[in-house]
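Here is the naming used below: chain letters follow the sequence lines, and residue numbers restart at 1 for every chain. As a basis for the values below, the full set of heavy atoms in this structure was taken, side chains included, without hydrogen atoms, waters or symmetry mates.
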Amino acid sequence: MKLKRTHTTDLINDSLLGQELILNGWLNSRRDLGGIIFIDLRDRYGLVQVRFADDLPKNILEKAHRLSAEDVIAVKGTVLARPEAAVNPKISSGKLELLASDLEILNKAKTPPFEISRRETGSEDLRLKYRYLDLRTTEMKRNLELRSKAAIATRNFLSGNRFMEIETPFLMKSTPEGARDFLVPSRINAGKFYALPQSPQTYKQLLMVSGFDRYFQLVKCFRDEDLRADRQLEFTQIDIEMSFVDEADVQELSEGLLKHIVKAATGKAMEIPFPKLTWEEAMEKYGSDKPDIRFDLPIHKADDFAKMSSFGVFHSALESGNVVRVLKVSGGASFSRKQIDEYTSLAKINGAKGLAWLKLTENGGEGGISKFVNDEALKALIHQTKAEPGDCFFFIADEWETGLTALGMVRNALGKALNLIPEDALAPLWVTEFPLLEFDPEEQRYVARHHPFTSPRLDELERLETHPAEVKARAYDLVLNGYEIAGGSIRIFQKDLQQRMFRLLNIGDDEARAKFGFLLDAFEYGAPPHGGIAFGFDRLVMILAGSDSIRELIAFPKTTTGQSPMDGAPDTVSQKQLDELKISLIREKAAK
RNA sequence: GGAGCAGUAGUUCAACUGGUUAGAGCACCGGCCUGUCACGCCGGAAGUUGCGGGUUCGAGUCCCGUCUGCCCCGCCA
């Protein structure tokens, strides 16, 4: 190329007036008026309008006429002020333009399948197939820039707080518990497999044993589970571990980190410390272990009300030890039957047996279960929830966690539908005192709610075997706008306690030794007390970008079936590759 | 594993209750145009209605299967 760039578009400003310079970039758009041609040249940094006047040499004008979208070009020209009437306030260089003196077409482009300057002209499906074009859009550039800023802010903050960034292996041993592993066959050790890490959990604990008392890593994690708008097969964590700390230390550090990232990436200020709720409080008040506290709309206890009513469902629920809870929806009396049905079905999808309702009018209760509710009961409910005519009530009568979870989902849907969520708000909170264990009815055993290395609360240690379901963990989640963006815990660092934990999880001593022997051994050589946290980095930047899909913050994401429409992954491999790995495929057809 | 929605021109969408030659915007191609910036005006080309099967005189439309995309439940220590 003979016209090598001297400037990027963001540098074009008044100080360059009259100066001749060269820009390289893509043809964003062309407006050919016949005797005069305008083009917008785009590079990573922005747009600049270039004008081709009719006194240019013929060969240059012909080239300019021939330009089409996304051609890669080099333009030499002089920076001029635009006439007053021709100023474009929509772009930052809108008061200026480049009067072209030379043009080089570095590479012609085919017509793109969608317009780069108007991203909505392509569906997500199409944009993923041509992701390298999608990444040219302002939206994706902005998202990846925000992500980059957040990553750099993370490193700056943690490095400034004496954390060391240490890499851990991607090829590791498959371990039980948790998500399904991605397996990688070992050629050199035929028949054996590595697993990709679900997180560097054990490695970072071993680094604590090694004495690296403040470790972090921006690290890819892999989980072979079904995808969602906020979940990918591979995702990035800010993984942090610290020695000689308790919960407060990790939380304080995390608050500082989040505040720093938010400031660097968005310019917004965050107030610290963040509010805290115990898991039980969060469930009771918001029906979620990751409540969205950007809006009010609390859940109320309605057991007493249920007793006063004559609604059979409520009474039988209470008799079998279940609970009755209610949401008061301001203005909800205007809901149509169809709308109410939709909330009912939402509650059912999320496990509730149903959703009882009742509208409050000037004349008292109406519709739904109103005929089972006497004046006295209604009055008490109105008093308790500060309800007014025009409101409506949604009730669940169910097992505590199931019912509250379902009502929490209804609450979230209402928050959205009623526009209760302030835009641009950032509402963080800590959720603490999670139960250590959770009974898995499928496997008929307890599983760790967080992970098996999480320390139980020390004042409950003696109840570990006798009342395992009631013991709380030294775990904490950081929630932002209804998303879990980080989770961590103070870890077990003593061999005995770790072995007790494995036994509780029905992992036999032999299995524990086979799977986690290296960790148990390490604990015998002077393991310091330690704890940490891991941030879901993609999810965090998704929230900061105001997006509701994690794919918007990942350069090359997978679709919900785990495929990459661009490169066609996953794909079959050659027989030769399989032979080398000593792998033979089972034919699926016979199954059906 | 389950539920819902969608798949029609390069693209974004339309096409009534099954009925004429499947339409429109944008993009594209050709022409005109000296201050446009979603430039404008005139003209043109453009279709395996995701794929396979079925019902019917007749299927984009109905039925069955299948694939893909999105959203959700399960799952995600």
**Student:** Measure CD/A/Glu442 against C1'/B/C73 and give the value in whole Å, please.
**Tutor:** 14 Å
**Student:** Among the nucleotides B/C73, B/U36, B/C76, which one has an atom lying closest to any side-chain atom of A/Arg82?
**Tutor:** B/U36
**Student:** For a quick check of understanding: with a heavy-atom distance under 4.0 Å over all strands, which category does A/Glu97 fall into, base, sugar-phosphate or nothing?
**Tutor:** base
**Student:** Around atom NZ of A/Lys290, are there more than 12 heavy atoms of other residues, nucleotides or ligands at under 6.0 Å?
**Tutor:** no
**Student:** Of the listed nucleotides (B/G69, B/G35, B/C72), which one gets closest to any side-chain atom of A/Thr561?
**Tutor:** B/G69
**Student:** For a quick check of understanding: with a heavy-atom distance under 4.0 Å over all strands, which category does A/Pro83 fall into, base, sugar-phosphate or nothing?
**Tutor:** base
**Student:** Is atom NZ of A/Lys495 surrounded by more than 12 heavy atoms (other residues, nucleotides or ligands) closer than 6.0 Å?
**Tutor:** yes
**Student:** With respect to the phosphate group of B/C28, does any side-chain polar atom (N or O) of A/Lys110 fall under 4.0 Å of OP1 or OP2?
**Tutor:** no
**Student:** With rounding to the closest Å, how many angstrom separate the C1' atoms on B/C57 and B/G18?
**Tutor:** 12 Å
**Student:** Go through B/G35, B/U11, B/C75 for me and flag the one nearest to the A/Ala86 side chain.
**Tutor:** B/G35
**Student:** Specify the separation, in whole Å, of atom CZ of A/Arg119 and atom C1' of B/U12.
**Tutor:** 15 Å
**Student:** Does B/U61 pair with anything, Watson-Crick or G-U wobble, both distances under 3.5 Å, and if so, with which nucleotide?
**Tutor:** none
**Student:** Between B/C73, B/G35, B/G69, which nucleotide gets closest to the side-chain atoms of A/Ile349?
**Tutor:** B/C73
**Student:** Check the distance between B/C76's P and A/Ile550's CD1 and give it to me in whole angstrom.
**Tutor:** 17 Å
**Student:** Looking only at side-chain atoms of A/Asp125, point me to the closest of B/G69, B/U36, B/C75.
**Tutor:** B/G69
**Student:** Of the nucleotides B/G35, B/C76, B/G69, which has the atom closest to the A/Arg223 side chain?
**Tutor:** B/C76
**Student:** Using a heavy-atom cut-off of 4.0 Å across all strands, would you classify A/Arg51 as base, sugar-phosphate, or nothing?
**Tutor:** base
**Student:** Between A/Gln563 and B/U68, is there a contact of a side-chain N or O with OP1 or OP2 at under 4.0 Å?
**Tutor:** yes
**Student:** With respect to the side chain of A/Met409, which nucleotide from B/C73, B/A27, B/U36 is positioned closest?
**Tutor:** B/C73
**Student:** Select base, sugar-phosphate, or nothing to describe what A/Val50 touches, counting heavy atoms under 4.0 Å on all strands.
**Tutor:** nothing
**Student:** Can you tell me the distance, in whole Å, between the CG atom of A/Leu133 and the P atom of B/U11?
**Tutor:** 13 Å
**Student:** Please state the P separation for the pair B/A15 and B/C29 - nearest whole angstrom.
**Tutor:** 30 Å
**Student:** For the base of B/C75, is there a side-chain donor-acceptor partner from A/Arg231 under 3.5 Å away?
**Tutor:** yes
**Student:** Using the closest heavy atom to pick a nucleotide of RNA chain B for each, name whichever of A/Glu177 or A/Ser564 lands nearer the 5' end.
**Tutor:** A/Ser564
**Student:** Between B/A27 and B/C39, how far apart are the two P atoms, rounded to whole Å?
**Tutor:** 7 Å
**Student:** Parallel, tilted or perpendicular for A/Trp279 and A/Trp400, by the 30°/60° rule?
**Tutor:** perpendicular
**Student:** Taking B/G10 as the reference, what is the distance to B/G47 when you measure between their P atoms (whole Å, please)?
**Tutor:** 7 Å
**Student:** To the closest 0.5 Å, what do you measure between CG (A/Asp40) and CZ (A/Arg31)?
**Tutor:** 4.0 Å
**Student:** Can you confirm whether the side chains of A/Asp125 and A/Ser123 place a donor and an acceptor under 3.5 Å from each other?
**Tutor:** no
**Student:** Using 4.0 Å as the upper bound for N to carboxylate O, is an ion pair formed by A/Glu465 and A/Arg503?
**Tutor:** no
**Student:** Regarding A/Ser68, tell me which of base, sugar-phosphate or nothing describes its non-hydrogen contacts under 4.0 Å with the strands shown.
**Tutor:** nothing
**Student:** Closer than 4.0 angstrom, basic N to acidic O: yes or no for A/Glu401 and A/Arg449?
**Tutor:** yes
**Student:** Say we look at B/G50 and B/C75: how far apart would their P atoms be, to the nearest angstrom?
**Tutor:** 35 Å
**Student:** Could you check which nucleotide pairs with B/G44 in any of the strands shown, counting Watson-Crick or G-U wobble with both distances under 3.5 Å?
**Tutor:** B/C28
**Student:** Once each nucleotide of nucleotides 39-51 of chain B is scored for protein heavy atoms under 4.0 Å, what B/S/- sequence comes out, 5' to 3'?
**Tutor:** B------------
**Student:** B/C76 P sits how many Å from A/Asp538 CG, rounded?
**Tutor:** 19 Å
**Student:** Please state the C1' separation for the pair B/G53 and B/C42 - nearest whole angstrom.
**Tutor:** 47 Å
**Student:** With a 4.0 Å cut-off on heavy atoms, is A/Gln198 in touch with a base, just the backbone sugar-phosphate, or nothing at all?
**Tutor:** nothing
**Student:** Between the base of B/G69 and the side chain of A/Arg127, is one N or O donor paired with an acceptor at under 3.5 angstrom?
**Tutor:** no
**Student:** If you only use heavy atoms from C-beta on, which nucleotide in B/C70, B/C73, B/C75 is closest to the side chain of A/Thr560?
**Tutor:** B/C70
**Student:** Quick one: is A/Ser123 getting a side-chain N or O under 4.0 Å of the B/G69 phosphate, OP1 or OP2?
**Tutor:** no
**Student:** Counting Watson-Crick and G-U wobble pairs only, both distances under 3.5 Å, name the nucleotide matched with B/A22, or none.
**Tutor:** none
**Student:** Would you mind reading off the distance between A/Asn28 atom CG and B/U36 atom P, rounded to a whole angstrom?
**Tutor:** 19 Å
**Student:** Please report, rounded to the nearest Å, how far the C1' atom of B/C72 is from the NZ atom of A/Lys416.
**Tutor:** 11 Å
**Student:** Counting only side-chain nitrogens and oxygens, does A/Thr121 get under 4.0 Å of the OP1 or OP2 atom of B/C26?
**Tutor:** no
**Student:** Going by modelled atom types, is there a donor-acceptor pair between the base of B/U12 and the side chain of A/Glu120 at under 3.5 Å?
**Tutor:** no
**Student:** A/Glu115 near the nucleic acid: base, sugar-phosphate alone, or nothing, with a heavy-atom cut-off under 4.0 Å?
**Tutor:** sugar-phosphate
**Student:** What contact category does A/Phe38 fall into here, base, sugar-phosphate, or nothing, at under 4.0 angstrom with non-hydrogen atoms?
**Tutor:** base
**Student:** Do the charged groups of A/Arg551 and A/Glu124 touch, with an N to O distance under 4.0 Å?
**Tutor:** yes
**Student:** State which residue, out of A/Lys141, A/Arg119, A/Lys129, fulfils the salt bridge (Lys or Arg N to Asp or Glu O under 4.0 Å) condition with A/Asp134.
**Tutor:** A/Arg119
**Student:** Just N and O in the side chain of A/Arg539: are any of them under 4.0 Å from OP1 or OP2 of B/C76?
**Tutor:** no
**Student:** With C1' as the reference atom in both, quote the distance from B/U61 to B/A46 in angstrom, rounded to an integer.
**Tutor:** 24 Å
**Student:** Rounding to an integer number of Å, can you tell me how far A/Asp477 CG sits from B/C76 C1'?
**Tutor:** 13 Å
**Student:** Could you check A/Val447 against A/Ser549 and say which one's nearest nucleotide on RNA chain B is further toward the 5' end?
**Tutor:** A/Ser549
**Student:** In terms of heavy-atom contacts, does NZ of A/Lys108 have more than 12 from other residues, nucleotides or ligands at under 6.0 Å?
**Tutor:** yes
**Student:** Within the 4.5 Å heavy-atom criterion, are A/Leu96 and A/Leu17 side-chain neighbours or not?
**Tutor:** yes
**Student:** Is any NZ, NE, NH1 or NH2 atom of the basic residue among A/Glu177 and A/Lys515 found under 4.0 Å from an Asp or Glu carboxylate oxygen of the other?
**Tutor:** no
**Student:** Quantified in whole Å, what is the C1' atom distance between nucleotide B/G58 and nucleotide B/U20?
**Tutor:** 12 Å
**Student:** What is the nucleic acid contact for A/Ile91, judged by heavy atoms within less than 4.0 Å: base, sugar-phosphate only, or nothing?
**Tutor:** nothing
